[in-house]
Amino acid sequence: MTNNFLLSVVIPVYNEENNIDPLLKRLLPVVKNYNFEIIFISDGSKDKTDEVIKSKAKKDPSIKFVSFLRNFGHQKALTCGYNFAKGDCVITIDADLQDPPEVIGQMVKKWQNGAKIVYAKREKRDVDNFIKKLTAFLFYKFINFLSDTPIPTDVGDYRLIDREIVNFLNNLPEKSRFLRGLVAWGGHPASYVYFKREKRYAGVTHYTFSKMLNFALEGITSFSVKPLRLSIYFGFFASFFSVIVIATKSVQHFILNQGDWLPGWASLFFSIVFLGGVQLITIGLIGEYVGKIYQEIQNRPQYLIKEKVNL
Ligand code: UDP
Ligand code: MG
């Protein structure tokens, strides 16, 4: 195989000042085998991340740097990376060394053998805590139940994609970007390489519980309208249930002359609360989709750039 191609490595960074050096120490020896560019996207970092990367970029023109005006989120940073990457294939990798750069060689090989997408799959999640493992498990189960596009499990945003798919992503008009789903949506043949997820090298995770919840909701609503339909079923079920209850109560009272109407407080209370809940869920779901439509037609840019180096 010839190595006559360009490999782009896109790294989103948000307050990762202490991870840049250790990451480059492991990444550079791997990518040196190819023509490469490394693109750091600083997602509104507030610590020394930007300075650290800029000093590296000054010494090495194949290290490139973009910084956002504020924090736009991981997915937008990846999107920006795809927009700037010139490579024949593009790898996205986290900055915190949870994704070991050493598997890049295998990923490139699979790509050279014809795979358009190569996912790095987490073999073990020993290092993640119970809550993270559980939420990730439920998330993938739930999203694959709802979504019309099967999304591979235990695959994060560590992947290689071919230029063809980069172009496809860049040309998509939609603003809402759940990249794991979008990459799978095209149905291109995918391959896997396996790795063991390591501990975060320095700093703490930026995915708080609320960010994970938002991410999950984003993933579900961007890839399926089934929740809307589910809420209809749920509403039907609730209404049907209350009709049954009323009917049995009426039979007891008028025909069998049993029971009492007044102590029915509990059932009344239950049905009001239950139906209220169903209505709130349904309105919330509709609101979620309406909000999505609103954001799409606002047509705002996905991110705003403060500074660029070597690009
Ligand atoms: N990240 C980002 N913007 C954010 C949050 C995270 O660019 O708003 C980057 C972060 O610097 C890291 C990657 O996305 O390189 C994954 O984030 P993190 O390690 O915090 O998430 P986890 O691995 O815990 O899911
Ligand atoms: Mg991480």
Side-chain angles (χ1 to χ4, degrees), residues 8-24 26-27 38-53 56 63-85 90-101 103-104 119-140 143 151 153-159 176-180 195-219 302-307:
S8 301
V9 180
V10 167
I11 312 171
V13 284
Y14 178 51
N15 297 346
E16 304 278 10
E17 55 183 4
N18 294 322
N19 286 325
I20 307 298
D21 252 317
L23 172 69
L24 285 176
R26 282 176 59 184
L27 181 64
I38 296 176
I39 308 176
F40 283 100
I41 316 288
S42 173
D43 186 11
S45 299
K46 293 184 195 72
D47 62 359
K48 294 262 177 333
T49 304
D50 294 14
E51 285 83 75
V52 176
I53 299 170
K56 301 274 173 202
I63 295 180
K64 303 172 183 188
F65 174 68
V66 182
S67 73
F68 287 172
L69 270 166
R70 63 167 170 86
N71 183 258
F72 281 86
H74 185 200
Q75 301 292 303
K76 304 290 181 194
L78 290 173
T79 302
C80 172
Y82 284 137
N83 290 158
F84 279 104
V90 181
I91 290 178
T92 44
I93 183 170
D94 284 357
D96 56 6
L97 284 168
Q98 285 196 287
D99 305 333
V103 298
I104 286 179
Y119 293 112
K121 198 168 163 114
R122 297 157 186 177
E123 210 163 28
K124 287 203 185 106
R125 291 184 92 114
D126 302 342
V127 297
D128 288 333
N129 64 28
F130 176 72
I131 295 290
K132 181 100 191 178
K133 272 192 257 190
L134 184 74
T135 49
F137 173 78
L138 289 177
F139 170 65
Y140 284 117
I143 199 165
I151 292 167
T153 47
D154 276 329
V155 168
D157 285 305
Y158 189 17
R159 65 178 159 251
S176 148
R177 276 176 189 259
F178 181 67
L179 285 165
R180 289 172 205 184
F195 74 94
K196 200 164 153 258
R197 190 142 163 95
E198 293 169 42
K199 265 204 171 58
R200 196 171 227 289
Y201 187 82
V204 291
T205 176
H206 306 296
Y207 268 95
T208 53
F209 186 71
S210 68
K211 262 196 189 178
M212 279 201 292
L213 206 64
N214 283 335
F215 183 68
L217 211 59
E218 180 82 23
Q302 309 218 43
Y303 49 80
L304 292 173
I305 290 173
K306 180 169 78 179
E307 196 183 357

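Every number for a ligand or one of its atoms is a count from 1 in the order of the listing. Because the structure is predicted, anything quoted here is derived from the model rather than measured.
Nearest to atom 16 (C) of ligand 1 among the protein's heavy atoms is Asp94 OD2, 3.3 Å. Residue, atom and distance of the protein heavy atom nearest to atom 20 (O) of ligand 1 are His206 N, 2.7 Å. Nearest non-hydrogen protein atom to atom 21 (O) of ligand 1 is Tyr207 CD1, 3.2 Å. Of the protein's non-hydrogen atoms, Asp96 OD2, 2.6 Å is the one closest to atom 19 (O) of ligand 1. For atom 25 (O) of ligand 1, the nearest non-hydrogen atom of the protein is Lys132 NZ, 3.0 Å. The protein heavy-atom contact nearest to atom 1 (N) of ligand 1 is Tyr14 CB, 3.8 Å. Counting only heavy atoms of the protein, atom 14 (O) of ligand 1 lies nearest to His74 CD2, 3.3 Å.
Set against the non-hydrogen atoms of Thr205, the atoms of ligand 1 under 4.0 Å away are 20 (O), 21 (O), 22 (P), 24 (O). Using a 4.0 Å cut-off to heavy atoms of Ala95, the atoms of ligand 1 that qualify are 15 (O).
Only the side chain of Asp43 comes within contact range of ligand 1, with a heavy atom under 4.0 Å; no backbone atom does. Residue Asn71 touches ligand 1 through its side chain alone, judged by heavy-atom distances below 4.0 Å.
Using a 4.0 Å cut-off between a side-chain N of Lys or Arg and a carboxylate O of Asp or Glu, Arg180 and Asp157 qualify as a salt bridge. Contact check on Glu51 versus Lys46 returns no salt bridge, with no Lys/Arg side-chain nitrogen under 4.0 Å from an Asp/Glu carboxylate oxygen. Between Asp94 and Arg200, none of the side-chain N atoms (NZ, or NE/NH1/NH2) sits under 4.0 Å from a carboxylate O, so this pair counts as no salt bridge.
Around atom 15 (O) of ligand 1, the closest heavy atom drawn from Gly203, Gly156, Pro12 belongs to Pro12. Closest heavy-atom approach to atom 18 (P) of ligand 1 among the candidates Lys76, Glu16, Arg200, Gln75: Arg200.
Centroid-to-centroid, the aromatic rings of Phe68 and Tyr303 come within less than 6.0 Å.
Within a 6.0 Å radius of NZ in Lys48, other residues, nucleotides and ligands contribute 12 heavy atoms or fewer. The 12-atom threshold is exceeded at OH of Tyr207, counting heavy atoms of other residues, nucleotides or ligands nearer than 6.0 Å. Around the CZ atom of Phe84, the shell of radius 6.0 Å holds more than 12 heavy atoms that belong to other residues, nucleotides or ligands.
Taking the six-membered ring where tryptophan is involved, the planes of Tyr158 and Phe195 are perpendicular, since the angle between them exceeds 60° and thus also 30°.
At a threshold of 2.8 Å, the Mg ion (ligand 2) has no backbone or side-chain N, O or S atom of Tyr207 nearer than that distance. Taking 2.8 Å as the threshold, Asp96 counts as a candidate ligand of the Mg ion (ligand 2), since one of its N, O or S atoms lies below it.
For the residue pair Ala202 and Asn18, the shortest heavy atom distance occurs at CB-CB, 3.7 Å.
Looking only at atom types and distance, the side chain of Asp43 has a donor-acceptor partner in the side chain of Asn71 under 3.5 Å away.
Ligand 1 has no nitrogen or oxygen under 3.5 angstrom from a nitrogen or oxygen of Ala77.
The shortest heavy-atom distance from Met212 to ligand 1 is not under 4.0 Å.
With His74 contributing its side chain and Pro12 its backbone, the two residues share no donor-acceptor pair below 3.5 Å.
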